[in-house]
Structure formats: structure tokens, C-alpha cells
Amino acid sequence: MVNLLFSILGLLIVLRVYVLLKTNKFSVDQNYWLLYRQKSIEQNNVPPVIDNYILELRQWYPPLFGYFISKIPKRIMLNPLTVIIALNLFRFCIVGLLFGFNINNITTEKILLCSLTFFSAPILTYYETQINSRIFGAIILDIIICLWLLYFQSYNNSYLIIISICSLPVLFSHKMTVQLYCSIILGLSLYNFSFYPIIIFFSTIIFSFVFLGYKKYAIAHIEIIKFWYRNKYKLGAHQFYESDIYGDKKYVYKNRVHGAGLKTIFKKIVLICGMFPFLIFWIFNFEWNSSSVVLISTLLMVILTMFVPFFYSIGYGLLYLYNFVNFLVFYIVLSQIDLSFNSLFVFFGGLLLSFVSIIVFYKRRSKNTTNKYLIETIDFLRGSKVDRLLIIPFQLPDEIAYKTGKKVFWGGHGLGFLWLENYFPVFKKPIELAILEWNLGGVVLDKQYWIEFLNQVDTSKLDKVYENTNYIVFEVKGWQDKKVVPAWAKSLYPNLSI
């Protein structure tokens, strides 16, 4: 059995590395972080001022990851395979800390179960195609949760000092990491009848507010939550087909996350099972301890944010499974795992599903070939004087902003969601009015996304200056390059200089 498990583990590691090699060029946020890094180095400041985003006032995104990438070479950001593997191994080595303090629990079988659970998790394969802030936040949270579990084993107060120090970087790492940490803190406090987790958590927040400037990041965090609460049924919506101005209220886009009835619920359940099949193994081997409380607190965030509308705004629950992986590994270390035939059958069933999920993911990503038409369009924009671009769809502005240096009609990274809300996730104002109010100089249209633009938008004031098979570039007639912010937009942020 042990030899079989070792063989499967070796196969898994090879598969993970192969998939990473083939998919690490596809990342939605990568261009934003490359631009963030570039501006941070130029300005010698984190967070930087990024004036490429017309609908963004400040880069009040948690800055710790931005500081990290500003210190690593550009070639690593562009080809991050080595760093991703190193970060993965570091995450897994945190488990060794638990093993070290639970020497009596160490068995070859447990080590293999932990290794297979971690390296086969499809959610990690899916989201670790690039260096991103989620990996960074997860590592910090793993360390803190590991320390909390050790504390509730021994009640050694020296752990509390280390936890207090490590809690600070959590706040500055990733928004969803902070939300998950809050849930886990509440769970650990209730289960262990201890106020220490709550006291340390809120003391850390107060200290960060007073001495570390956390207030501005908290303001941006709250603004994002409010934004998605108001637009919770539009996550993943089509910007125009689901717009009251240009589309149909009854239309449901294929990528819409919420609001399509039983079909959506079924899709979410399939995604949860597909992204981390070992949930069933944990349920089959459940026992009460602090590590199970951590898992319950995490799973609660998954369920609430995927199935309860009031909580949709605090993150798409599937992403919390990213943290669930290592927490389950912690649970395996600390708990008495049943290695009977039935238990191993469930485990191998989860392992088989993981293989299937990884292969399906690879096949989908491998279909994403280089878009030569987008490359040609970007090459044209580099040499063009047209600027302040409205880009359709909004999946493209980050790439165009980074690769051309143009200003783009986009935001969504820091403070400025009150501006963005008129145009995303669906357009609520006519495109002609947006061009006039913000002095936009051009439009870049992906014809495959919304070819109806040519019939539904008045193009009499637009000159077509470039076209290929997939894209059209329009320039606004008589446009002059100057920054314009409409009065209504300024009034939404009266305390900021704009």
C-alpha cells in the first residue's frame, strides 16, 4: 500500500508541474500586478499612483503582496514557475511544524495522506498558474492557524506573542484572507471558550488603524463589499446583454455566478466537489477538535457566500476552498484517521476525482491559444495617439494598460467602485454619455463579445482607425487629451483630492 501511495504521489507531482508549465501564462490579474510592480519601482513607493485607470482614485489594495513583487526580478514575474513551486513547498512545509510538535502522530501513511491531499487538490492547480496575492495571504494564514492549533494543544502563552506579530501581515495581504481569518477566530473562541483569539484579532486591527495606516485599506475593503452587495446577482454577467439599456432583463449569461435558479445551485455544488473532492473524506473521518473547527469555519464561509444571497458580497465562496486544502492537511495530522477499507475507498475516490478535475482543467486551458488578433491590436495602439480608451469587454483593460501605457476606462482594484458601478458589472449609462462625460478618446471593441455595438451605439462621432478579424479601434472625432472627471463623480468622494 505504501509503495502504491508513493507512486501515486510521484505521478501527481509530475502532473502538477506539467499543468503549471502549460497554463502559467493565463492569468486575469497578472497584467495589473505587472503594472503595479512597474509603477512601484518607478515611484519607489507602495502602493503606487497608477494613473492608467480612469475609474480608480487610489490603489488602496492590501499592499504586502505589492511590496513583495516590487522586490523580485521581472523575469520571475513573467516566468514564475520556480517561485510558485517554492511557495507551494513552503506551504506544505508548514505542515511539518505541526508534525514536529505531534511526534507521536507521525506515520508513513499519514505523511502520504497529507502529501496526496495537498498535491492533488484541483483548486490549487486552478489558481496557482501565476504568482498572486491569494497564495501570499494563504501562506501567512496557514502559519497563524498552525500556531493557534499548537496553542490550544499546550496553552503555552509564548505562542500568543508570535500570533500577535503574525496577525499584522494578514490584514495587509488579501481581503478574503482577512474575512476568513475573522470567521476562524470566532469559531476557535467559541469552541475553546477563550477570548484570546478575539482580543488579539481586534487589538491587531486597532494597532494597524492607529500606527500602520490600515484605515484607507479598510475603507476600500468596505466599499468593495457594499458594491457587490448592490450588484450581487450580476457577478459574471454580460456587460451589455444583461444591461437595462442594451440588453434583456430575462437574459442570463453563461458566466453568471448567481441568480439562475436550480441550474446555478447545481453548478455550484459540482464546482465545490470538483475543486476539492476530499471534503467527503473529512466528513467520513470527522471528529471534534480545534482543527475541525477551523474546517467548519472555512466551510461555513464557502456555503454562506455561495448559497445565501446576503453573504454573496464577501467573496465567491469557491475561492475559500483554496485555504481549506492546508487546513484539511492540519486536520489529518492532529486527528485519528480511520485507515479501514471503507475510509481508504473514500480517499481513493476523492483522489480519482481530483485527477479528473485537473485533466479537465488542463484541457480547457490548453484550448486558450495566443490571440494573435489582440496582439496585432495592441501593437497598433502602441503607435497610436488615441488614449483614454473604453475597452469592450472589461477583461482586456489591464492587459492593454500594461502593454501600451494607455489610460483605460477601468478600475476595480482599489478605491473607486462608486464610479465603476455605472459601467460594471453591466452598463447603466449610455456609452455615448460615458465618452462625453469622461472625455474618452477611443473605443476598442471585441466583435465576438458584443457585435451589436455597431447597431446600438451612435458611431457618427467615431472614426474607425483600425480593424482586424476580431477587433475594431475607434477614435473620437476632434478629441483632445485632457483629464476630465464629471461633477457627479467628484461629489461621490468629497474628502479626496481628484
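- At least one cation-pi condition fails for K175 and W228: the charged atom is not both under 6.0 angstrom from the six-membered ring centre and inside a 45 degree cone around its axis.
- Residues L87 and I135 approach most closely at CD1-CG2, 3.9 Å, considering heavy atoms.
- Donor-acceptor pairing under 3.5 Å is lacking for the side chains of Q30 and Y402.
- From I314, atom CD1 reaches atom CE of M176 across 8.5 Å, with rounding to the nearest 0.5 Å.
- Here the closest non-hydrogen pair linking V426 and A237 is CG1-CB, 4.1 Å.
- Residues L168 and S208 have side chains in contact (heavy-atom distance under 4.5 Å, counting atoms from C-beta outward).
- Within the 6.0 Å centre-distance limit, the rings of W410 and F424 are counted as a close aromatic pair.
- No donor-acceptor pair closer than 3.5 Å links the side chain of D398 to the backbone N or O of A401.
- Side-chain contact check for I472 versus L454: some heavy-atom pair is nearer than 4.5 Å.
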**Study point:** Stepwise side-chain contact (heavy atoms from CB on, under 4.5 Å) check, L390 with W438
**Key:** CA-CA 10 Å; L390 167 61; W438 294 91; over 6 Å; no
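- Expressed to the nearest 0.5 Å, how far OG1 of T377 lies from CZ of R382 amounts to 11.0 Å.
- The number of heavy-atom neighbours closer than 6.0 Å to NZ of K385, taken from other residues, nucleotides and ligands shown, is 12 or below.
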Exercise for review: Could you walk me through whether W419 and L57 pass the side-chain contact (heavy atoms from CB on, under 4.5 Å) test, one step at a time?
Suggested key: CA-CA 9 Å; W419 290 1; L57 288 91; 3.8 Å; yes
Point to revise | Y217 and V178: CA distance, side-chain angles, deciding distance, side-chain contact (heavy atoms from CB on, under 4.5 Å) verdict | key: CA-CA 12 Å; Y217 302 108; V178 176; over 6 Å; no
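- Not one N or O on the side chain of Y214 forms a donor-acceptor pair closer than 3.5 Å with the backbone of T204.
- Proximity of a side-chain donor or acceptor of K406 to a complementary backbone N or O of V386 within less than 3.5 Å is detected.
- At distances below 3.5 Å, not a single donor-acceptor pair connects side-chain atoms of S203 with backbone N or O atoms of I200.
- Between the N439 side chain and the K482 main chain, a donor and an acceptor come within less than 3.5 Å of each other.
- Here the side chain of D463 pairs no donor or acceptor atom with the backbone of V465 at under 3.5 angstrom.
- Separation of atoms NZ (K39) and CG (D51) is listed at 5.0 Å; rounding is to 0.5 Å.
- When side chains are defined from C-beta on, F474 does not count as touching V444, because their heavy atoms never get closer than 4.5 Å.
- Looking at R37, its side chain does come within 3.5 Å of a backbone N or O of I69 through a donor-acceptor pair.
- Annotation: Q480, atom CD; neighbour count of heavy atoms from other residues, nucleotides and ligands within 6.0 Å does not exceed 12.
- Annotation: cation-pi geometry satisfied between R91 and Y322 (NZ/CZ under 6.0 angstrom from ring centroid, within 45° of ring axis).
- Distance alone, capped at 3.5 Å, places no donor-acceptor pair between the S384 side chain and the F380 backbone.
- Counted by atom type alone, Y233 and E242 present zero donor-acceptor pairs between their side chains at under 3.5 Å.
- Within a 6.0 Å sphere centred on OH of Y251, heavy atoms belonging to other residues, nucleotides or ligands number more than 12.
- Counting all heavy atoms, side chain and backbone alike, T117 lies closest to V325 at O-CG1, 4.1 Å.
- Judged purely by distance below 3.5 Å, without hydrogens or angles, the side chains of Y61 and S133 pair a donor atom with an acceptor atom.
- Within 6.0 Å of atom CG in N255, more than 12 heavy atoms from other residues, nucleotides or ligands are found, so the atom counts as buried in its surroundings.
- In summary, E467 and K447 engage in a salt bridge, as defined by a charged side-chain N under 4.0 Å from a carboxylate O.
- Looking at every heavy atom in both residues, F278 comes nearest to S354 through CE1-OG, 3.7 Å.
- Here the side chain of S357 pairs a donor or acceptor atom with the backbone of G274 at under 3.5 angstrom.
- Between Y246 and the options Q456, Q239, E452, a side chain to side chain contact (heavy atoms under 4.5 Å, CB included) holds for only Q456.
- Put simply, the residue from W148, Y320, F201 that forms a ring-ring contact (aromatic ring centres under 6.0 Å, His included) with Y181 is F201.
- Put simply, the side chain of E376 never gets that close to the backbone of N468: no donor and acceptor are under 3.5 Å apart.
- Once rounded to the nearest 0.5 Å, the distance linking CD1 of I54 with NZ of K483 reads 10.0 Å.
- Using a 4.5 Å heavy-atom cutoff, the side chains of F409 and P397 are not in contact.
- Residues F92 and F119 bring their aromatic ring centres within 6.0 Å.
- Looking at I392 and F240, their side chains come closer than 4.5 Å, going by heavy atoms from C-beta outward.
- Of all heavy-atom pairs between I143 and C166, the closest is CG2-SG, 4.5 Å.
- A 4.5 Å side-chain heavy-atom check between S173 and F68 finds every atom pair outside the cut-off.
- We find the CG-OG1 distance between L300 and T305 to be 9.0 Å, quoted to the nearest 0.5 Å.
- In this structure, K226 is not positioned above the aromatic face of Y229 in the sense of NZ or CZ being under 6.0 Å from the six-membered ring centre and within 45° of the axis.
- H258 NE2 to N231 CG: the interatomic distance, rounded to the nearest 0.5 Å, is 11.5 Å.
- Ring geometry for F453 versus W450: interplanar angle over 60°, hence perpendicular rather than tilted (30 to 60°).
- Atom NZ of K477 has more than 12 heavy atoms from other residues, nucleotides or ligands within 6.0 Å.
- Counting heavy atoms from C-beta on, the side chains of V302 and L321 come closer than 4.5 Å.
- Considering every non-hydrogen atom in both P430 and I245, the closest pair reads N-CD1, 3.6 Å.
- Side-chain atoms of H413 and Y32, non-hydrogen and from C-beta on, do get closer than 4.5 Å to each other.
- Side-chain N/O atoms of W60 and E223 include no donor and acceptor closer than 3.5 Å.
- Enclosure of atom NZ in K429 by more than 12 non-hydrogen atoms of other residues, nucleotides or ligands within 6.0 angstrom is indicated.
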Point to revise | Evaluation steps, side-chain contact (heavy atoms from CB on, under 4.5 Å), between Y36 and F65 | key: CA-CA 10 Å; Y36 187 106; F65 178 68; over 6 Å; no
